[in-house]
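The first residue of the sequence shown is numbered 1, and numbering continues consecutively from there.
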Amino acid sequence: SALQRSVHVLNDADAAGLAEMRFGAGKGKKGLVIMTTLGTGIGSALFINGHLVPNAELGHLEIGGVDYETKASFAAKERENLDWDQWAERLQTYYSKLEALFTPDLIIVGGGVSKEHKNFLPLLDIDCEIVPAELRNNAGILGAARLAYRLAHKD
């Protein structure tokens, strides 16, 4: 190829999830773990016993006849000037649907807004454990770097 280098591609939520599973909130977790990133949309990464199921697009779940990331992303909160309680109601709908469909053992919530998790995560009422991402906005770059290192060193 033109670069004469190996190139590996993964989406941003998968990269962030890889980092959280290796170094952050998902470290050592077994079972089904879903990471969501709340931003301009809702990104997602799905892990079974620590193994990534690539390209899960769970932000695009149809709920109430709409692609629900248009209602529950952080961009929707800002666009519609929702307060934390109003946004949490929409997140409740979204995470309840995720829980009903997948029965995850853990949900990790990332994206830039995760630094403000105390304003919305305590307002959610779901049965599975839901925690903020530990690596915040650094997760994507750390996950991509980890994957590149792992592929180069085959560890």
Side-chain angles (χ1 to χ4, degrees), residues 7-27 29 31-48 50-148 151:
V7 176
H8 305 281
V9 178
L10 76 160
N11 72 39
D12 57 340
D14 284 352
L18 286 170
E20 285 293 334
M21 293 301 289
R22 173 71 180 194
F23 307 111
K27 186 175 181 178
K29 298 289 184 180
L32 178 61
V33 177
I34 299 173
M35 177 163 179
T36 60
T37 56
L38 302 173
T40 55
I42 299 176
S44 62
L46 186 67
F47 295 86
I48 299 174
H51 297 282
L52 175 66
V53 178
N55 303 316
E57 292 289 345
L58 303 178
H60 293 293
L61 288 176
E62 184 180 316
I63 304 172
V66 299
D67 180 338
Y68 211 67
E69 78 173 5
T70 65
K71 303 293 271 178
S73 67
F74 185 65
K77 179 192 183 307
E78 291 184 318
R79 181 178 61 249
E80 297 180 41
N81 200 26
L82 302 174
D83 65 26
W84 292 109
D85 289 328
Q86 292 168 320
W87 189 47
E89 286 179 29
R90 293 183 182 192
L91 291 174
Q92 178 69 49
T93 299
Y94 175 72
Y95 287 115
S96 291
K97 179 62 107 176
L98 268 187
E99 187 173 51
L101 292 172
F102 296 98
T103 317
D105 296 291
L106 174 67
I107 296 175
I108 303 169
V109 180
V113 72
S114 65
K115 67 181 174 286
E116 300 183 60
H117 64 90
K118 290 180 179 153
N119 291 319
F120 63 93
L121 283 186
L123 302 175
L124 303 180
D125 181 22
I126 61 174
D127 291 330
C128 78
E129 183 180 9
I130 185 166
V131 299
E134 293 178 7
L135 303 173
R136 306 287 190 261
N137 272 351
N138 293 324
I141 191 75
L142 291 170
R146 171 66 186 150
L147 178 63
L151 292 170

Report task. Scan residues 56-79 for pairs that pass ring pair (Phe, Tyr, Trp, His ring centres under 6.0 Å), counting only residues two or more places apart or in two chains. Result -> Phe74-Trp87
Query - Any donor-acceptor pair under 3.5 Å from Ser114 side chain to His117 backbone - result: no
Query - Within residues 68-93 or reaching into it, pairs that qualify as salt bridge (Lys or Arg N to Asp or Glu O under 4.0 Å) - sequence neighbours excluded - result: Glu80-Arg90
Query raised in the report: Does any N or O in the side chain of Ser73 come within less than 3.5 Å of the main-chain N or O of Thr70, such that one atom is a donor and the other an acceptor?
Result: no
Please tabulate, for side-chain N and O atoms in residues 101-110, each donor-acceptor pair with protein atoms closer than 3.5 Å (sequence neighbours left out).
| residue | atom | partner | partner atom | Å |
| --- | --- | --- | --- | --- |
| Asp105 | OD2 | Leu32 | N | 2.7 |

Query - Contact check, side chains of Asp14 and Asn55, non-hydrogen atoms, under 4.5 Å - result: yes
Which pairs of donor and acceptor atoms, one on a side chain in residues 35-45, lie under 3.5 Å apart (sequence neighbours left out)?
| residue | atom | partner | partner atom | Å |
| --- | --- | --- | --- | --- |
| Thr36 | OG1 | Tyr95 | OH | 2.6 |
| Thr37 | OG1 | Gly43 | N | 3.3 |
| Ser44 | OG | Ala56 | O | 2.9 |
| Ser44 | OG | Leu58 | N | 2.8 |

**Report entry** Pairwise distance CG(Leu82) to CG(Leu91) - rounded to 0.5 angstrom
**Finding:** 9.5 Å
Requested in this report: Report yes or no: does Glu62 contribute a side-chain atom to a donor-acceptor pair with the main-chain N or O of Asp67 at less than 3.5 Å?
Outcome: no
Table please: side-chain donor-acceptor pairs of residues 118-134 below 3.5 Å, with sequence neighbours left out.
none

Query raised in the report: Quick one: CD on Glu99 to CD on Gln92, what's the gap to the nearest 0.5 Å?
Result: 8.5 Å
